[in-house]
Amino acid sequence: MSDLRPGAHRNETAAERSVRRASEARAQRKEQSVALRKDKRAKHMELKRTRRAPPMDAILQSNVMAGSPESSGSSANCAVPIAADATGEHTAMDDIDLDNDISDEELDITVKSLVDTLRKFKEATRQRTLGVIGDYLQRGSRYVEAYIRHDIKLGAMLRALNTPQTQLQACWCISNIAASISSHTREASVASPYLITFLGSENAYLQDHSATAVANIAGDSPSCRDQLIAQGAISPVISLIASRSADVVRSAAFALSNLLRGQALDLRQRMNATLMPAMIKAFETFVAQSNYDVITELLWVLTYFCVDNPVAVASFVETTLIHTLFSILVDSAAPQCPYHHQVSPLLRVLGNILGGPEEYIRLFTTNAPVLRALLVHLSSPLHHIRSECAWVVANIAGGGPEHGKALLEGNFVPALGALLESGNADLQREALFALLGTAHHNVDVLDAVVSATPVVPSIIRLLPSPDIEIQLATLQFIEMLCRMHPHGVRMVDESDGPSYLEAQQYHANQEVSWRVTDILTRYFEDYDDEEIDMD
């Protein structure tokens, strides 16, 4: 049989060629799988995150009752919606009925009247008008579209932004426009210079709403993020992370996480000196207060900040931040923890830390409470938490043999085996990588993995999966088991492995077909019914 594969050595024996091919395939497979998983995770992280602002009167009422937000300056210029028109003017608002079932024609007439009022009437009336417009904009894209159609280039809204007494309500409206569909967000981006200026205001209410609007614009697209960064949004947003107001810090962190998405490494590394001290202080403050809403947004900042950023990851490990993150993880796994939104971004941050040097992985595997918390989340009823946690465990398993042993002793293998039976491709894929990483170090670890729970039949049953990545990982595990374990061939045989393999022998994917043929030829010659050209 002639060998026409690139890089082949003409003088090697068939056995030598098989060994070389297996080694080359394993190395290529590892590189491809890492690239694919990073790409999928990056695409998932690019999903738009926006937040609609709640009704203005509800925000102000709750803040007054709670005595917050605290501000570094006066709130004297913070205008609030008024209950009646002090001017005595009769406007279109006096006849408006906020009906969710309003027809398109009625909506068009109503919004046109509101825009005309916003343009023409006195200040107090404009405040009332913005309150009604804001209520409409919260209802979704249909209402936003009607508003944009009549306020060309948001001229009337920009005028309100330029008037101190109506700035807060106008920011609220802009925030809800930006939280709509992409075309509406781009319309709202015309207000970004005003919003960035308001970030430096002494009014905490205005800081809060401006940061939310900036976040919604930044969350739309790379072009919107680039525009905001070019206009100078990064520095004032970072400054707000040090605010005394929890609401302001939450909105600032939301804005910063959206601004950082997909940004070049050099920009993120330049931010390290100013951002990290503020983040460390903010974590200390809000962890002490158990303010999970703010903690979650701060974690999203770290999630985007540390992607492929070894300088940032090193600063996490070299400061108290890593211990704070571990504390959040352990607390989140407690049965009495009332809030779980922080777990997903936290696991992403920890997974990125695990991509660093071996000593970073050792911080995890020598910390028993951390491993116990990961094991809890690996069995979470929430799919996205199980998936993120399996990714973290796979990154731990990718380290040296000591880390695989720690996972074995921590009883992770049965939990990973349960994910193989979940029927969900994301969970199965990450569990496979974790088991591969744990078992590949030596035969003793491999034997412990396959003996801890019946993972071999579960893995073999994944061969018909429509997911090519799962098929290739399954074949990698079968080949490893047959090659390394003295009873590996028998284990695969007893799990009806040859039948599953033969069913995939002529797979449309060339790599799957070649890997199946290679395994059958090397380990199950009795099942090879005809001479097969491995090329």
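What you see is a predicted model, and the numbers here were worked out from it, not measured in a lab.
Distance check, rounded to the nearest 0.5 Å: CZ of R119 to OG1 of T129 gives 12.5 Å. Rounded to the nearest 0.5 angstrom, I328 CD1 and S290 OG are separated by 10.0 Å. Atom OG of S141 is separated from atom CD1 of I177 by 12.5 Å, given to the nearest 0.5 angstrom. Separation of atoms CD (E388) and CD (E430) is listed at 8.5 Å; rounding is to 0.5 Å.
Side-chain atoms of Q471 and T474 form no donor-acceptor pair, as typed in the model, at a separation below 3.5 Å. Side chains of R261 and S257: no donor on one and acceptor on the other come within 3.5 Å. Using modelled atom types and a 3.5 Å distance limit, the side chains of S380 and H340 yield no donor-acceptor pair.
Checked by atom type and distance alone, the side chain of R386 never pairs as donor or acceptor with a backbone atom of L427 at under 3.5 Å. Side-chain N or O atoms of S387 include none that pairs as donor or acceptor with a backbone N or O of H384 at under 3.5 Å.
Within the 6.0 Å centre-distance limit, the rings of F326 and F364 are counted as a close aromatic pair.
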Worksheet item: When you look at W300 and N258, which way does the side chain to side chain contact (heavy atoms under 4.5 Å, CB included) test go after all the steps?
Response: CA-CA 9 Å; W300 279 114; N258 275 350; over 6 Å; no
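Counting only residues at least two apart or in different chains, side chain to side chain donor-acceptor pair (under 3.5 Å) contacts with residues 318-329 are absent.
Listed by chain and number, the residues in a side chain to side chain donor-acceptor pair (under 3.5 Å) with S192 are Q227, Q231 (sequence neighbours excluded).
F198 and Y194 have tilted rings, their planes meeting at an angle from 30° to 60° on a 0 to 90° scale.
Considering N216, T212, D208 as possible partners of S175, the one that fulfils the side-chain hydrogen bond (donor to acceptor under 3.5 Å, both in side chains) test is N216.
The minimum heavy-atom distance between N352 and T303, with the atom names listed, is ND2-O, 4.2 Å.
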